[in-house]
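Scroll down for the structure; my scribbles are underneath it.
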Amino acid sequence: MSDANIPCEQNFMLTQDDFDQFARLSGDHNPIHVDPEFSARTSFGRTVSHGMLLFSVVRSLLAQTWPGSTLNRQNLMFPSPAYAGEALELVVEQQSAEGNRLVLKTTITRADGETCLTGECELTLPEKEAS
Amino acid sequence: MNLERFDALKEGESAKLNRTFTAEDVREWCELCQLDQDWPGVPEPLIAGLFSCLLGEDLPGHGTNYLKQAMTFHTAADTGEPLQASVTVSRLRRDKALVNLTTVCTGRDGRLICEGEALVLFQH
């Protein structure tokens with residue numbers, strides 16, 4: 001059933017342009033995401049990614065790994081911030097599978113080992129076409 | 001810990017926003033996350049982004065530290081469909097400066113797209 005490559009991994013990097021584009025798409029123009037000068041004066045010291053931009057990267061990998069699947073539910077936690085221009089690693093692992101339903105654990109980690117996103121989601125896989 | 005703004009929050013208080021995503025928005029999102037697929041409907045992270053926008057910009061507002069979001073997706077929103085997202089304060093824990101909020105997104109004729117819960121830290 002879940003014959004995709006699990007665990008699957010993706011190494012990626014986000015840029016300030018990505019933050020700006022997600023701000024336009026989401027309407028969330030909070031300066032902590034888009035204003036480097038403002039952000040330099042905060043405890044983070046620089047701009048941080050929107051949490052839902054990180055979720056976007058997760059969702060994209062799910063769609064590429066299980067095309068045509070439906071996302072039924074998603075839990076997300078954002079323990080540490082993700083910064084522009086830093087290497088990030090996304091790992092998707094299987095928690096359980098029953099019938100055409102798949103429960104997955106998703107984690108985004110920074111190079112220094114801090115976790116930017118942990119999540120659990122449930123996918124419904126498409127009915128297999130007769131082959 | 002400065003709780004002046006926290007203390008102004010009330011259980012039951014809510015904030016809303018209306019948004020309609022276009023096919024161009026969805027194409028841009030696919031490009032942003034390097035997804036070479038046609039996406040039917042509105043991607044879930046854009047629905048989730050409506051909640052984070054409300055939390056960060058409106059209720060509780062700037063200074064919100066987003067800790068958790070849980071979501072159940074009932075049906076996919078269509079492009080061109082008028083959406084309304086809302087967040088409502090459900091629980092305030094002053095000792096930890098934590099705010100729980102219910103998060104709901106509805107579409108045309110009030111159909112339920114997504115419901116869930118958010119947890120934020122608000123100590124500014």
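Just so we're clear, the structure is a prediction, and the values are computed from it rather than from any experiment. Scope of the values below: all heavy atoms of this structure, side chains included, with no hydrogens, waters or symmetry mates. Every chain is numbered from 1, with letters handed out A, B, ... down the list of sequences.
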Is the count of non-hydrogen atoms from other residues, nucleotides or ligands lying under 6.0 Å from B/Asp36 atom CG greater than 12? no
Closest-packed option against chain B by number of heavy-atom pairs under 4.5 Å, given A/Arg73, A/His50, A/Met52, A/His29: A/Met52
Minimum-distance pair of heavy atoms, taken over all atoms of B/Ser52 and A/Asp28: O-OD2, 3.7 Å
Could you tell me if the side chain of B/Leu32 sits less than 4.5 Å from the side chain of A/Phe22, heavy atoms only? yes
Are B/Leu35 and A/Gln64 side-chain neighbours, meaning at least one heavy-atom pair lies under 4.5 Å? yes
Could you tell me whether the side chain of A/Asn30 reaches within less than 4.5 Å of the side chain of B/Thr64, counting heavy atoms only? no
Which heavy atom of A/Arg59 sits nearest to which heavy atom of B/Pro45, and what is that distance? CB-CG, 3.7 Å
Winner by heavy-atom pair count (cut-off under 4.5 Å) against chain A, out of B/Gly61, B/Cys30, B/Cys33: B/Cys33
Tell me, side chain or backbone of A/Asn72 under 4.5 Å from chain B's heavy atoms, or both, or neither? backbone
Assess whether atom CD of B/Glu11 is packed by more than 12 heavy atoms of other residues, nucleotides or ligands within 6.0 Å. yes
d(B/Trp39 CH2, A/Ser60 OG) to nearest 0.5 Å is 7.5 Å
If Ile, Leu, Val, Met, Phe, Trp and Tyr residues are connected whenever their side-chain heavy atoms lie under 4.5 Å apart, and connections chain through other members, are B/Val89 and B/Val120 in the same group? yes
Leading residue by heavy atom contact count with chain B [cutoff under 4.5 Å; candidates A/Leu54, A/Leu71, A/Val58, A/Asp18]: A/Leu71
Taking a hydrophobic cluster as the set of Ile, Leu, Val, Met, Phe, Trp and Tyr residues connected by side-chain heavy atoms closer than 4.5 Å, whether directly or through intermediates, do B/Tyr66 and B/Leu92 fall within one such cluster? yes
Heavy-atom proximity to chain B below 4.5 Å, by part of A/Leu117: neither
When you measure from the side chain of B/Gln37 to the backbone of A/Ala63, do you find a donor-acceptor pair of N or O atoms at a distance under 3.5 Å? yes
Pairs of heavy atoms under 4.5 Å with chain B: top-ranked of A/Arg24, A/Glu122, A/Gln21: A/Gln21
Considering only heavy atoms from C-beta outward, does the side chain of A/Leu25 approach that of B/Glu28 to under 4.5 Å? yes
Would you mind checking which part of A/Phe12 comes under 4.5 Å of any heavy atom in chain B, side chain (CB onward), backbone (N, CA, C, O), both or neither? neither
Side-chain touch B/Met71/A/Phe55, heavy atoms, less than 4.5 angstrom: yes
Tell me, do B/His62 and A/Pro31 make a side-chain contact under 4.5 Å, heavy atoms counted? yes
